[in-house]
Amino acid sequence: MMQQLQDATGYIIDKTGGFAPEFGIILGTGLGALVNDIQVQHSLSYADIPHFPVSTVESHSGKLIFGQLAGRSVVVMQGRFHYYEGYTMEQVVFPVRVMKLLGVKKLFVSNAAGGLNPLFSTSELMVITDHINLQPTNPLVGKNLDDLGPRFPDMSDVYNEELVRQAMVIAEDADFDLREGVYASLPGPMLETKAEYHYLSVIGADAVGMSTVPEVITARHMGMPVFAVSVITDMCTPDRIKKVVLAEILEAAAIAEPRMTMLIRELIRQQ
Ligand code: HPA
């Protein structure tokens, strides 16, 4: 594994002339527009990077983009890997480990999620303040890579409080409601049953999705502070639940996209 990480990192350093990103960004479903704000210096297809998995979901394009956002050096994953696509957890989080080896100091993650908190509305943003991992496994299972992080990483402060606070101030200044809450991560790919949505709200989740937690666990294992935000693309409370259509999820994400883009950009400017 360490050798594979070094192969991928070495290839990237070679192709980008030693570009050293300060911040890593993972863009979720329908949130790719942040890339338009980036002065792109290098763009590498996942398919060309040694040992990188290749994206299979149509709404993700599968590129690692290097450039400047708000005057800071960033690396952006345009398209992420999901466990439901058939990848192992090690493959899902491989790019996060590569980011760390490239020198990334903080990780910013976005996703699309179903809303469980009755106070939420479709297309609102929710800053993730904690998570519940309901994936069938996690990327740290197996022999620990001591060079990357500890065997038993602490998970009591997964989402960086200072970044959450800064995000709340940015949203207040921009005059939009930024929600805070707990994200539950399930494997998918099917959406949840009514009973499962009820169960998730009872155990304390405010939103549910199929990603993010594996990457976040990996980043924390390696000591990277994390900021994560969900777009609520559909409401899953008993009175508002309806059949989920991918096109509608993408449409709800698109409505939130300008706010999401602004939030991440301004947050990075402040680091
Ligand atoms: N469940 C899981 N993932 C999702 C949902 C949902 O309701 N909406 C968007 N992503």
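Both backbone and side-chain heavy atoms feed into the values below; hydrogens, waters and symmetry mates do not. Count residues from 1 along the sequence. Numbering of ligands and ligand atoms starts at 1, following listing order.
Scanning the protein heavy atoms around atom 7 (O) of ligand 1, the nearest turns out to be Tyr197 OH, 2.8 Å. Ranking protein heavy atoms by distance to atom 4 (C) of ligand 1, first place goes to Val208 O, 3.6 Å. For atom 10 (N) of ligand 1, the closest non-hydrogen atom on the protein side is Ala112 O, 3.5 Å. Counting only heavy atoms of the protein, atom 2 (C) of ligand 1 lies nearest to Glu192 OE1, 3.3 Å. Closest to atom 6 (C) of ligand 1 among all protein heavy atoms lies Leu191 CD1, 3.2 Å.
Not one N or O of Met210 is nearer than 3.5 Å to an N or O of ligand 1, by distance alone.
Ile241 and Leu119 fall into different hydrophobic clusters, defined by Ile, Leu, Val, Met, Phe, Trp and Tyr side-chain heavy atoms under 4.5 Å apart, directly or through other members.
When heavy-atom distances to ligand 1 are checked against a 4.0 Å cut-off, Asp234 comes that close only through its side chain, counted from C-beta outward. In Cys236, the part holding a heavy atom less than 4.0 Å from any atom of ligand 1 is the side chain.
Side-chain contact between Phe23 and Val75 is absent, with no heavy atoms from C-beta onward closer than 4.5 Å. Contact annotation: the side chain of Phe52 approaches that of Val98 to within less than 4.5 Å [non-hydrogen atoms, C-beta and beyond].
Ion pair Glu22/Arg72 flagged as a salt bridge, since at least one NZ, NE, NH1 or NH2 atom sits closer than 4.0 Å to an Asp/Glu carboxylate oxygen.
For ligand 1, the atoms sitting less than 4.0 Å from at least one non-hydrogen atom of Thr233 are 8 (N), 9 (C), numbered in the order shown with element in parentheses. Against a heavy-atom cut-off of under 4.0 Å, Gly114 is close to the following atoms of ligand 1: 4 (C), 5 (C), 6 (C), 7 (O), 8 (N), 9 (C).
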For residues 198-210, run the donor-acceptor check on the side chains, cut-off 3.5 Å, and write out each pair with its distance to 0.1 Å, sequence neighbours left out.
from	atom 1	to	atom 2	distance (Å)
Ser201	OG	His198	O	2.9
Asp206	OD1	Asn117	ND2	3.0
Asp206	OD2	Val182	N	2.8

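In this structure, the side chain of His42 engages the main chain of Thr16 through a donor-acceptor pair within 3.5 Å.
Remark: aromatic rings of Tyr46 and Phe81 are close, center separation under 6.0 Å.
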